[in-house]
Amino acid sequence: MKKDFIDKQKKKLIASKNEILESLAKRNEQLSTLTADNEKGDDADIASDTIDRTLLNSLGEADQNRLLMIERALDRITQGTYGICLACGTKIPEERLESIPSAALCIECQSKEERKVM
C-alpha cells in the first residue's frame, strides 16, 4: 500500500478520533448537568431526565466503540499491517478503506462476521 494513501488515512483517523473525543466531552458535560438538576422538578421532569441520561450513555458507548476501532487502526498503521484483513490476511481494497478507514476486515470476512451475529 502506498505511503501517501496510508498518511491520508492516518490523518482521517486522527481527525475522527478528535471529533469523537470532543463529542464525548460534551456528552459528559450534559450528563453532569442532568445529574445536578435531577433533584429539581416534578416526576415528569425526573423521568425525562432519566430518559435523556440513558440516551446520552448509549450514544457514548457507540462512540467509545468507534474510538476503539480507530485506535486499533492507528496501531495497525504503526505496525505496518494496515490494510491487511485480520481474518484472512488478504489486502483490503483501498476503496473500502477510503469509506471506512478503520476497517479491519475485507468485505467477504466482514460479511461472514455479520452473518454470525444474525
Looking at [atom1] of [X] and [atom2] of [Y], how far apart are the two atoms once the value is rounded to the nearest 0.5 Å?
X: E113; Y: L86; atom1: CD; atom2: CG; value: 10.5 Å
X: K17; Y: L21; atom1: NZ; atom2: CG; value: 6.5 Å
X: C109; Y: I92; atom1: SG; atom2: CD1; value: 9.0 Å
X: L97; Y: E94; atom1: CG; atom2: CD; value: 7.5 Å
X: S102; Y: R66; atom1: OG; atom2: CZ; value: 8.5 Å

Quick one: do D4 and K8 make a salt bridge, cutoff under 4.0 Å?
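Looking at K8 together with D4, the answer is no, because their closest N to O distance does not fall below 4.0 Å.
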Note: R72-D75 ion pair, threshold 4.0 Å (strictly below):
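A salt bridge is absent here (no side-chain N lies under 4.0 Å from a carboxylate O).
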Answer yes or no: is there a donor N or O on one side and an acceptor on the other, between the side chain of [X] and the main chain of [Y], under 3.5 Å?
X: S111; Y: I107; answer: yes
X: Y82; Y: A104; answer: no
X: T81; Y: I77; answer: no

Closest approach of D63 and S23, non-hydrogen atoms and distance?
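Looks like OD2-OG, 3.4 Å.
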Give me the one residue out of K112, E114, E108 that meets side chain to side chain donor-acceptor pair (under 3.5 Å) with Q110.
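Answer to the side chain to side chain donor-acceptor pair (under 3.5 Å) test with Q110 among K112, E114, E108: E114.
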Say whether M1 and I100 are linked into one hydrophobic cluster, either directly or through other cluster members, by side-chain heavy-atom distances under 4.5 angstrom.
no
According to a 4.5 Å side-chain heavy-atom criterion applied to Ile, Leu, Val, Met, Phe, Trp and Tyr, with indirect links allowed, do M69 and L74 form part of one hydrophobic cluster?
no
What do the steps show when you test I6 against K2 for side chain to side chain contact (heavy atoms under 4.5 Å, CB included), and what is the final call?
CA-CA 6 Å; I6 291 175; K2 297 177 186 172; over 6 Å; no
Kindly indicate, with the supporting measurements, whether the criterion salt bridge (Lys or Arg N to Asp or Glu O under 4.0 Å) is fulfilled by K12 and E98.
CA-CA 9 Å; K12 278 185 185 180; E98 277 285 337; 2.9 Å; yes
With the side chain counted from C-beta on, respond yes when S16 and P101 share a heavy-atom pair under 4.5 Å apart, and no when they do not.
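The answer is no, as the side chains (C-beta and beyond) never meet within the 4.5 Å cut-off.
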Any non-hydrogen side-chain atom of I70 less than 4.5 Å from a side-chain atom of I20?
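Yes. Closest side-chain heavy atoms under 4.5 Å.
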